[in-house]
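Inspection log for the structure reproduced underneath, given as structure tokens.
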Amino acid sequence: MHILLILVKYFFVRNHLPVPNVDIEEYELEICGRGIEPITLKLDDIKTKFKKHTVTSTIQCAGNRRSELNTVKEVKGLNWGSAAISNAEWSGALLYDVLKYAGIDFDDQKIQHIQFEGLDTDPANMPYGASIPAMKAFNPQNDVLLAYEMNGKELPKDHGFPIRVVVPGVVGARNVKWLGKIIVSEEESESHWQKNDYKGFFSPSTNWDNVDFTKAPAIQELPVNSAICKPSENTKVKLQDNCLKVEGYAWSGGGRKIVRVDVSVDGGKTWHIADLIQDSSPLYRCWAWTIWKVNVPVDASSDSELQIICKAIDSSYNVQPDSFPPIWNLRGVLGNAWHKITVQIQK
């Protein structure tokens with residue numbers, strides 16, 4: 001359903017290092033690591049040697065909604081609102097097929113991680129890197145792609161041209177852009193962004209004096225989340241037939257489908273069930289977000305301030321927590337409490 005897709009020009013962009021200029025004539029993807037002879041593939045090889053697969057998948061930054069965590073106590077990171085998330089149709093080769101072509105032994109129990117390195121580098125010429133558990137890549141139904149198209153067109157430069165990894169249901173930080181190398185490994189990536197960042201294990205009492213990133217697992221699948229998109233915060237709205245139209249998105253990591261979205265305008269005393277717009281994916285292989293909408297009855301006899309709240313439930317019956325203080329963490333990630341906005345009702 002095309003209503004689920006975000007136009008490329010509106011798709012959020014996040015990268016940690018400068019966007020590389022890739023000469024497509026010289027571009028090669030290296031595949032190496034445990035139990036395989038290193039090989040290199042050109043873009044045309046990836047397009048012609050492997051069946052093209054298309055997947056509709058959401059990519060969300062771990063710091064989505066960080067601005068709300070900042071209202072509890074200051075955190076480090078970009079002050080994202082609720083728009084560090086987008087949904088697109090991705091096309092490319094299955095990572096599973098490419099690994100099989102490279103000669104990987106899928107039965108080798110010592111292979112625990114698949115590492116990715118980008119062509120974007122820091123001043124010391126160190127590339128951006130990340131990794132995913134091997135079990136994620138080894139199951140073709142997880143739909144991990146080496147994507148070269150986005151919404152039916154060539155992958156744009158800002159989104160990883162010529163190839164990026166798309167790991168459905170997993171945090172954006174592992175969806176490495178400008179892919180240059182795949183490493184089959186016993187260990188996860190040694191990259192800073194894998195070992196010392198994008199970890200949400202920490203208690204609200206953990207601070208920068210006592211934090212130890214090495215003891216926390218790297219974020220992979222993200223928790224259930226939702227947000228109100230219309231109306232916008234602090235806007236003036238008019239009722240229609242004593243109802244307020246509310247719209248937004250909901251999504252959960254790991255392929256878990258959204259099964260319900262509830263909206264309240266009385267502080268959570270009563271809830272109104274939203275209508276869901278989704279693709280036809282099964283409950284545990286749903287990579288795309290859900291768009292939702294609902295008309296909420298409002299008793300407003302005069303101009304007044306109104307708080308709107310939404311919360312989502314996924315197919316594993318995970319539900320968003322009601323507030324941010326219990327899930328606050330010093331890095332400001334995994335912010336998924338009830339989304340709340342305030343509007344002014346006009347007669």
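The figures here come from the full heavy-atom set of this structure, side chains too, leaving out hydrogens, waters and symmetry mates.
Hydrophobic clustering places Ile59 together with Leu179 (ILVMFWY residues linked when any side-chain heavy atoms are closer than 4.5 Å, directly or through intermediates). Leu222 is not connected to Tyr317 by any chain of hydrophobic side-chain contacts under 4.5 Å among Ile, Leu, Val, Met, Phe, Trp and Tyr, and they are in different clusters. In the hydrophobic clustering of ILVMFWY residues, with side-chain heavy atoms under 4.5 Å counting as a link, Phe138 and Tyr284 come out apart. Linking ILVMFWY residues whenever their side-chain heavy atoms come closer than 4.5 Å, directly or via other members, leaves Ile277 and Val259 in distinct clusters. One hydrophobic cluster holds both Tyr96 and Ile163 under the rule that ILVMFWY side chains link at heavy-atom gaps under 4.5 Å.
Looking at heavy atoms from C-beta onward, Val224 lies out of side-chain contact with Ile313 at the 4.5 angstrom threshold. Inter-residue side-chain proximity for Arg256 and Glu221 is flagged as met; some heavy-atom pair is nearer than 4.5 Å. At least one side-chain heavy atom of Pro231 sits less than 4.5 Å from a side-chain heavy atom of Ile308. Side-chain contact between Pro20 and Thr121: absent, with no pair of heavy atoms (C-beta onward) separated by less than 4.5 Å. Using a 4.5 Å heavy-atom threshold, the side chains of Asn318 and Pro223 count as separate. Side chains of Arg66 and Arg331 form a contact here, defined as non-hydrogen atoms less than 4.5 Å apart. Taking 4.5 Å as the limit, some side-chain heavy atom of Arg285 sits within range of a side-chain heavy atom of Trp287. Counting only heavy atoms from C-beta outward, the side chains of Tyr128 and Lys177 never approach each other to under 4.5 Å.
Distance alone, capped at 3.5 Å, places no donor-acceptor pair between the Glu117 side chain and the Lys181 backbone. Looking only at distances, no side-chain donor or acceptor of Asp44 sits under 3.5 Å from a matching main-chain atom of Thr48. Between the side chain of Lys195 and the main chain of Phe213, no donor-acceptor pair closer than 3.5 Å is present. Side chain of Trp289 to main chain of Leu4: a donor-acceptor pair is present (N/O by atom type, distance under 3.5 Å, no hydrogens or angles). Judged by distance alone, with hydrogens and angles left aside, the side-chain atoms of Gln320 form a donor-acceptor pair with the main-chain N or O of Asn336 at under 3.5 Å. Judged by distance alone, the side chain of Trp328 and the main-chain N or O of Lys73 form a donor-acceptor pair under 3.5 Å. His272 places no side-chain N or O within 3.5 Å of a backbone atom of Val296 that could act as its donor or acceptor partner. Using modelled atom types, no side-chain atom of Ser281 and backbone atom of Cys286 make a donor-acceptor pair closer than 3.5 Å. Between the Glu74 side chain and the Thr71 main chain, no donor and acceptor come within less than 3.5 Å of each other. Formation of a donor-acceptor pair under 3.5 Å by the Tyr148 side chain with backbone atoms of Ala93 is not found in this model.
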Please determine whether salt bridge (Lys or Arg N to Asp or Glu O under 4.0 Å) holds for the pair Lys51 and Asp97, giving the CA-CA distance in whole Å, both sets of side-chain angles, and the decisive distance to 0.1 Å.
CA-CA 8 Å; Lys51 181 181 177 181; Asp97 290 344; over 6 Å; no
Test side-chain contact (heavy atoms from CB on, under 4.5 Å) on Ile182 and Leu95; report intermediate values, then the result.
CA-CA 10 Å; Ile182 299 172; Leu95 175 60; 3.9 Å; yes
Going through the distances and angles, do Phe201 and Thr206 end up as a side-chain contact (heavy atoms from CB on, under 4.5 Å)?
CA-CA 10 Å; Phe201 168 81; Thr206 301; over 6 Å; no
Stepwise, does the side-chain contact (heavy atoms from CB on, under 4.5 Å) test hold for Trp90 with Arg164?
CA-CA 10 Å; Trp90 309 92; Arg164 76 173 298 169; 3.9 Å; yes
Test side-chain contact (heavy atoms from CB on, under 4.5 Å) on Leu334 and Ile327 and set out the steps.
CA-CA 8 Å; Leu334 309 180; Ile327 62 170; over 6 Å; no
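When only modelled atom types and interatomic distance are considered, Thr58 and Asn87 share a side-chain donor-acceptor pair under 3.5 Å.
Shortest non-hydrogen contact noted between Ser67 and Asn79 is CA-OD1, 3.1 Å. The shortest heavy-atom contact between Pro162 and Val22 is CD-CG1, 3.8 Å. Closest of all the heavy-atom pairs between Ile309 and Gly268 is CD1-N, 4.1 Å. The nearest pair of heavy atoms linking Lys257 to Pro282 is CD-O, 4.1 Å. Across all their heavy atoms, Trp80 and Gly63 have their closest contact at CB-O, 3.4 Å. When all heavy atoms of Val176 and Ala130 are compared, the closest pair comes out as CG2-CB, 3.8 Å.
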Below 3.5 Å, can you tabulate the donor-acceptor pairs from side chains in residues 235-242 to any protein atom, sequence neighbours excluded?
unit_1, atom_1, unit_2, atom_2, d
Thr235, OG1, Ser232, O, 2.7

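Summarising the geometry, atom CG belonging to Asp120 is positioned 12.0 Å from atom CG belonging to Asn21; distances are rounded to the nearest 0.5 Å. Rounding to the nearest 0.5 angstrom, the gap separating the CD1 atom in Ile6 from the CZ atom in Phe11 is 8.0 Å. Summarising the geometry, atom CG belonging to Leu43 is positioned 6.5 Å from atom CZ belonging to Phe161; distances are rounded to the nearest 0.5 Å. To the nearest 0.5 Å, atoms CZ (Arg34) and CD1 (Ile104) are separated by 10.0 Å. Between atom CG of residue Asn64 and atom CG of residue Leu78 there is a gap of 12.0 Å, rounded to the nearest 0.5 Å. Interatomic distance, Ser189 OG to Phe116 CZ, rounded to the nearest 0.5 Å: 10.0 Å.
Surrounding CD of Glu187 are at most 12 heavy atoms belonging to other residues, nucleotides or ligands under 6.0 Å away. Within 6.0 Å of atom NZ in Lys293, 12 or fewer heavy atoms from other residues, nucleotides or ligands are found, so the atom counts as exposed in its surroundings.
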